[in-house]
Amino acid sequence: MSAEAMKKVLVVMRHAPYGTFYAFEGLQTLLIMGAYELDLGVAFVDDGVYVITRNQNPKALQVKQVAQTFPALPDFEVHRFYVLEDSLKERGLTLDDLVIQPQVIDRAALAALFEEHAAVLPF
Amino acid sequence: MSAEAMKKVLVVMRHAPYGTFYAFEGLQTLLIMGAYELDLGVAFVDDGVYVITRNQNPKALQVKQVAQTFPALPDFEVHRFYVLEDSLKERGLTLDDLVIQPQVIDRAALAALFEEHAAVLPF
Amino acid sequence: MRFSILVLESPYQRQAADSAYRFARAVLEKGHQIRGIFFYMNGVHNANKYQKPPGERNLGTLWTQLQQEHNLDFVACIAASTWRGMNEDLALPGFRIAGLGQLALMIQESDRLVTFGG
Amino acid sequence: MRFSILVLESPYQRQAADSAYRFARAVLEKGHQIRGIFFYMNGVHNANKYQKPPGERNLGTLWTQLQQEHNLDFVACIAASTWRGMNEDLALPGFRIAGLGQLALMIQESDRLVTFGG
Amino acid sequence: MLYTVNKSPFASPNLERCLQVAPAGSPILLYEDGVYAAAAGTAFEERLHAALQAHPIYALQSDLEARGLSNLVEGVRVITYEDFVDLVIEHNVVPWL
Amino acid sequence: MLYTVNKSPFASPNLERCLQVAPAGSPILLYEDGVYAAAAGTAFEERLHAALQAHPIYALQSDLEARGLSNLVEGVRVITYEDFVDLVIEHNVVPWL
């Protein structure tokens with residue numbers, strides 16, 4: 001199937017990791033759905049920006065580290081990454097604090113991004 | 001057991017009804033625990049004040065109405081009811097909007113109430 | 001128009017599963033199609049055949065009736081089920097347990113995906 | 001000092017059950033007593049014997065080990081269990097299924113009640 | 001896009017965040033505990049009134065009824081689940097969970 | 001009383017509401033996603049700084065580590081689960097869930 005014919009799906013991460021498992025399950029969704037004919041993107045919004053911060057170490061919680069898998073997502077056919085500028089700023093974060101380098105977008109660009117996608121999956 | 005020897009337990013309702021089942025389960029707790037030797041109170045705080053508003057009609061949701069049971073709680077040995085004044089005001093509510101008439105307390109009184117209780121159960 | 005629905009929460013703790021059920025009913029009553037309903041995360045608990053809320057709607061029974069009336073595709077995520085102790089033996093009739101790929105197929109073959117969660 | 005613990009959430013959706021487990025461990029490691037742990041609302045899913053998170057801590061196993069090591073009283077609420085499809089056959093060793101009155105007894109016979117929820 | 005919000009505005013910043021992103025003209029649907037934002041006389045009323053200048057705002061009837069909310073901020077449109085389906089047919093959904 | 005908060009200050013008003021009720025001197029424990037309130041450099045830092053004038057504020061080490069938070073607002077005390085137990089022995093708990 002040509003890229004143009006592929007349906008565009010946007011996973012929106014809005015929950016912080018570890019306190020809930022939404023981020024973990026959103027990640028599983030990205031890992032699997034890339035194998036299907038879908039054009040996948042992921043946007044980090046609100047506390048979702050905490051999903052991809054550096055230095056996460058949940059060893060004491062005995063759960064899997066979430067952030068470390070994101071740099072591998074292009075191998076799983078996930079190539080589009082976005083982060084909401086205001087969400088970074090509110091948390092005092094910059095791209096240097098993140099394990100990947102998403103495209104920094106403002107609110108209007110996020111709204112436009114939603115319009116481009118056939119499905120928005122919230123995690 | 002004399003009333004003085006009974007342990008004081010405060011159920012704190014902070015969730016709105018129906019969107020979550022915390023209020024429903026807090027109510028079940030009150031209905032059962034009154035049969036044991038516990039001196040039970042219940043405080044409505046934040047969205048918890050919505051638990052006891054009039055005119056609830058969840059028939060279309062096919063779930064039990066929550067508010068209607070509160071007036072019967074004295075029969076189940078629950079006699080102390082409190083509502084946080086600011087929580088009412090923030091929601092534009094007065095005692096007339098409620099199915100029971102709890103004692104209206106301010107934040108300092110709520111904090112003092114916590115101090116008096118051996119256990120605080122959040123719902 | 002063809003819909004798919006994603007359910008992320010269990011019954012009886014949050015309203016999401018109830019809302020999803022009512023939305024699904026409304027879709028069908030208006031004569032539209034449902035390609036599938038995917039139960040993910042705690043949503044897999046919707047499939048539990050032993051759930052028995054006394055004197056209230058049994059969401060499991062309602063789901064099964066809906067599935068049977070319209071021959072719908074109900075999938076409980078196999079990974080989420082394994083984590084949470086849901087399996088074929090515990091599942092209500094009408095639910096199958098399968099992978100996230102089924103959600104990908106539902107999305108591909110629907111005009112709309114609507115998610116209900118916590 | 002004697003503690004009781006109330007758990008209101010299932011494993012693997014929110015951190016509450018993990019936090020409750022770690023808190024309970026710390027209480028015992030410091031030489032204090034646990035009168036009981038009461039699993040209420042979605043907390044009853046902690047007792048599910050089929051839960052199997054691949055390559056991670058299995059909270060059900062951890063609870064059972066803790067119960068056996070210290071001969072603790074673990075109660076899954078019978079009403080919450082009935083609603084949610086939990087029962088004796090599905091429950092891990094060490095969990096008993098009983099009424100909210102058990103929570104009342106735990107409160108009566110403890111110095112502290114600590115609740116972990118959503 | 002149809003932006004949907006299911007949390008109380010007093011218990012979650014979701015509606016506020018959603019309103020900051022939704023472009024003028026986008027419809028907003030309040031359901032589950034989200035319908036508390038539609039109640040008249042609350043501390044949130046002024047914010048909702050401002051939002052109504054920019055957006056059609058809908059609230060789900062069965063969720064309003066369950067919660068006993070009948071005195072609503074002027075301009076909020078009460079709809080059924082069937083209307084909800086129609087809105088989703090007209091607009092793709094951004095669930096602001 | 002020990003007031004405990006497990007939600008992110010950006011996703012929930014719980015910490016703010018809790019601070020409005022907790023009398024000066026009452027200890028506050030941040031755990032689970034509540035520990036994000038302890039991070040330095042955020043929009044919440046000023047609020048936490050003010051709260052620290054009135055309350056001892058604790059944050060759970062394992063939850064901070066999981067989330068990669070090491071640069072904390074000055075004055076926040078990092079504690080273990082065993083310290084959490086000690087706090088509960090000293091003070092009864094108000095869980096602000």
Side-chain angles (χ1 to χ4, degrees), chain C residues 6-18 20-21 38-64 74 76-95 97 99-100 115-118, chain D residues 6-18 20-21 38-64 74 76-95 97 99-100 115-118:
Chain C
L6 174 61
V7 181
L8 300 178
E9 288 282 350
S10 68
Y12 319 128
Q13 187 96 343
R14 292 176 171 78
Q15 202 185 337
D18 285 284
Y21 169 76
F38 195 83
F39 297 85
Y40 191 39
M41 299 183 67
N42 266 359
V44 300
H45 291 302
N46 282 275
N48 186 307
K49 72 178 176 188
Y50 297 113
Q51 62 183 289
K52 202 171 176 182
E56 290 209 14
R57 55 86 187 71
N58 181 321
L59 207 46
T61 307
L62 292 176
W63 282 124
T64 294
F74 281 10
C77 174
I78 191 166
S81 293
T82 303
W83 280 69
R84 289 166 180 77
M86 171 55 53
N87 57 49
E88 301 281 2
D89 293 338
L90 303 181
L92 284 159
F95 285 84
I97 297 185
L100 269 166
T115 304
F116 292 89
Chain D
L6 174 61
V7 181
L8 300 178
E9 288 282 351
S10 68
Y12 319 129
Q13 188 95 342
R14 291 176 171 79
Q15 202 185 338
D18 285 284
Y21 169 76
F38 195 83
F39 297 86
Y40 191 38
M41 298 183 69
N42 266 359
V44 300
H45 291 301
N46 282 274
N48 185 305
K49 72 178 176 188
Y50 297 113
Q51 61 183 290
K52 204 172 176 180
E56 290 207 16
R57 54 89 188 69
N58 181 321
L59 206 48
T61 307
L62 292 176
W63 282 124
T64 294
F74 281 10
C77 174
I78 191 165
S81 293
T82 303
W83 280 69
R84 289 165 180 78
M86 171 55 54
N87 57 48
E88 300 281 2
D89 293 338
L90 303 180
L92 284 159
F95 285 84
I97 298 184
L100 269 167
T115 304
F116 293 89

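Here is the naming used below: chain letters follow the sequence lines, and residue numbers restart at 1 for every chain.
- With sequence neighbours excluded, the residues forming a ring-ring contact (aromatic ring centres under 6.0 Å, His included) with D/Tyr12 are C/Trp83, listed by chain and number.
- Among residues at least two apart or in separate chains, salt bridge (Lys or Arg N to Asp or Glu O under 4.0 Å) pairs with a member in residues 50-63 of chain D are A/Lys64-D/Glu56, D/Asp18-D/Arg57.
- For D/Ser10, the part lying under 4.5 angstrom from a heavy atom of chain C is the side chain only.
- Close approach to chain C, defined as a heavy atom under 4.5 Å from one of its heavy atoms, is seen in D/Met41, D/Asn42, D/His45, D/Asn48 of residues 40-49 of chain D, taken by number.
- Scanning residues 85-94 of chain D against chain C with a 4.5 Å heavy-atom cutoff picks out D/Gly85, D/Asn87, D/Leu90, ordered by number.
- When D/Pro54, D/Gly118, D/Pro11 are compared by the number of non-hydrogen pairs under 4.5 Å with chain C, D/Pro54 comes out ahead.
- A distance of 5.0 Å separates CZ in C/Arg84 from CD in D/Gln13, rounded to the nearest 0.5 Å.
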